[in-house]
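For reference, the structure is listed below as structure tokens.
Throughout, residue positions are numbered sequentially from 1 according to the sequence presented. Note that ligands are numbered from 1 as they come in the structure, with each ligand's atoms numbered from 1 the same way.
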Amino acid sequence: MTFFPTFLYEMKEKIAKIQQEVLGFEITDQVNLEQFRINFLGSKGEIKSLFGDLKSVPVEEKKEIGKLLNDLRVLGEDKYESHKQGLESTSFQKESIDFSRPGETFTVGSHHPISLVRSEIISIFNRIGFVVSEGPEIEDDWHNFSALNFPPEHPARDMQDTFFIEKGENEMALRTHTSSVQVRVMENQQPPIRTISPGRVYRNEAISARAHCFFHQVEGLYIDKNVSFADLKQTLLYFAQEMFGEKAQIRLRPSYFPFTEPSAEVDVSCTICNAKGCNVCKHTGWLEILGCGMVDPNVLEAAGIDSTVYTGYAFGMGIERITQLKYKVNDLRLYSENDVRFLKQFTPSI
Ligand code: PHE
């Protein structure tokens, strides 16, 4: 039979009683949470005072009583903390979450229409084996003009058309077309060459609804043995139908470019009125979309390609022009003004 001195017996009774009180104490708000803390955990609380009594417990019993007291303290602290957190989170919810408030919509960005059409043109030509090549926007005279068979007195070289960065011996200018990129490709690669060069180009023009000092082009180049004008026509018809629909037709009118011979300008049947005649096509049923031709042998030779073995075709189009026809945009300035009312119209539907 174990003998408990009265003091120890009383101590255990007290611990059990306080344990019951701790368990039974109802905490429903901040006020009785604080009361709980004062009663049990505070410096004058019941548990603290029991710890004070521990001093008087005989050494051999200290371990057991100490453990009982410690368990009681942990019980009290746990209960306090969990109620405290519970009350905090409900009061937080009450304050800041209004379940009746309408949801916030988030704004989805959009691709610029020029980027959309640029990607579409690239993908149409990718499908028939053209790869993208890029080059610098600041060009020397050779790549922008001389290698492309521009005679020295050609008006495009004039200050009126070209933005020069440096005149004189090391003449540098903002490229006026991406044909310069094609010269670079031909200098670095022997045929077969099948490439398109998308990029920004610059011309010194007064800004208006129909002209801008910069715009975007995609130029194409195909060089191999036996490339013919018929190949060029077929490629352009394929492009027009992929871009504007399978009913699209093309027509070629003779033209002149220093770097192609023969040269042509290409019209597509008006997609807006189905070639019946409207304001956009000026009642002709046709819209001009690009320039093209067979690469002049002088250009092949200037870039180190044997013109007795190889022939090729080239074409070049303005991305703004294709975008204008595809999305019926009637003012070139809209593309660079960053007006969100315009840009928002190209937001993809999700
Ligand atoms: N480089 C011409 C331009 O800028 C377009 C073009 C390219 C024409 C290739 C014919 C052949 O207008």
Side-chain angles (χ1 to χ4, degrees), residues 114 118 121-122 125 130 132-137 139 141-151 154-158 160-163 173-186 193-205 210-223 227-237 239-240 250-268 287-300 302-303 305 307 310-324 332:
I114 296 293
R118 177 186 187 274
I121 298 172
I122 291 174
F125 284 105
F130 283 78
V132 168
S133 46
E134 286 180 334
E137 292 188 13
E139 264 299 5
D141 172 89
W142 171 256
H143 291 98
N144 198 72
F145 295 126
S146 296
L148 288 160
N149 204 32
F150 277 81
H154 194 281
R157 291 168 175 258
D158 203 297
Q160 311 284 297
D161 281 304
T162 308
F163 286 114
L174 296 178
R175 68 183 177 196
T176 59
H177 51 186
T178 57
S179 303
S180 54
V181 181
Q182 307 188 332
V183 175
R184 290 179 178 275
V185 173
M186 287 188 281
I193 293 172
R194 202 180 291 176
T195 186
I196 45 170
S197 329
R200 182 176 281 190
V201 300
Y202 302 83
R203 291 184 196 173
N204 193 356
E205 305 229 21
R210 291 147 56 90
H212 213 292
C213 58
F214 69 81
F215 59 99
H216 301 79
Q217 282 190 324
V218 177
E219 297 219 355
L221 176 72
Y222 176 35
I223 303 173
V227 177
S228 72
F229 203 89
D231 297 327
L232 171 61
K233 268 175 73 177
Q234 202 56 36
T235 304
L236 296 176
L237 179 62
F239 167 73
I250 56 166
R251 79 173 179 188
L252 280 75
R253 287 176 286 106
S255 186
Y256 172 78
F257 299 101
F259 33 88
T260 45
E261 182 61 36
S263 305
E265 261 161 346
V266 178
D267 300 337
V268 66
L287 300 157
E288 187 191 325
I289 55 163
L290 56 85
C292 65
M294 300 305 290
V295 182
D296 194 295
N298 288 344
V299 174
L300 295 177
I305 292 173
S307 65
Y310 296 107
T311 51
Y313 65 67
F315 57 86
M317 67 186 91
I319 303 181
E320 277 80 350
R321 175 73 174 153
I322 307 290
T323 312
Q324 177 193 17
L332 268 181

## Note on the structure
Tested for ring-ring contact (aromatic ring centres under 6.0 Å, His included) against Y222, the lone hit among F315, F125, Y313 is Y313
Table of N or O contacts for ligand 1, cutoff 3.5 Å:
from     : atom 1 : to   : atom 2 : distance (Å)
ligand 1 : 1 (N)  : H177 : ND1    : 3.1
ligand 1 : 1 (N)  : S179 : OG     : 3.1
ligand 1 : 1 (N)  : E219 : OE2    : 2.7
ligand 1 : 4 (O)  : R203 : NH2    : 2.8
ligand 1 : 4 (O)  : Q217 : NE2    : 2.9

### Message
What I want to check is whether the side chains of H216 and E320 have a donor and an acceptor closer together than 3.5 Å.
### Response
yes
### Query
So, the side chain of S197 versus the backbone of V181: is there a donor-acceptor pair under 3.5 Å, distance only?
no
### Task
Check the pair F130 / F239 against ring pair (Phe, Tyr, Trp, His ring centres under 6.0 Å), numbers first and verdict last.
CA-CA 12 Å; F130 283 78; F239 167 73; over 10 Å; no
### Task
Run through D161, T162, N144, N204 and flag the one making a side-chain hydrogen bond (donor to acceptor under 3.5 Å, both in side chains) with T176.
N144
### Query
So do the side chains of P136 and R184 get within less than 4.5 Å of each other, counting heavy atoms only?
yes
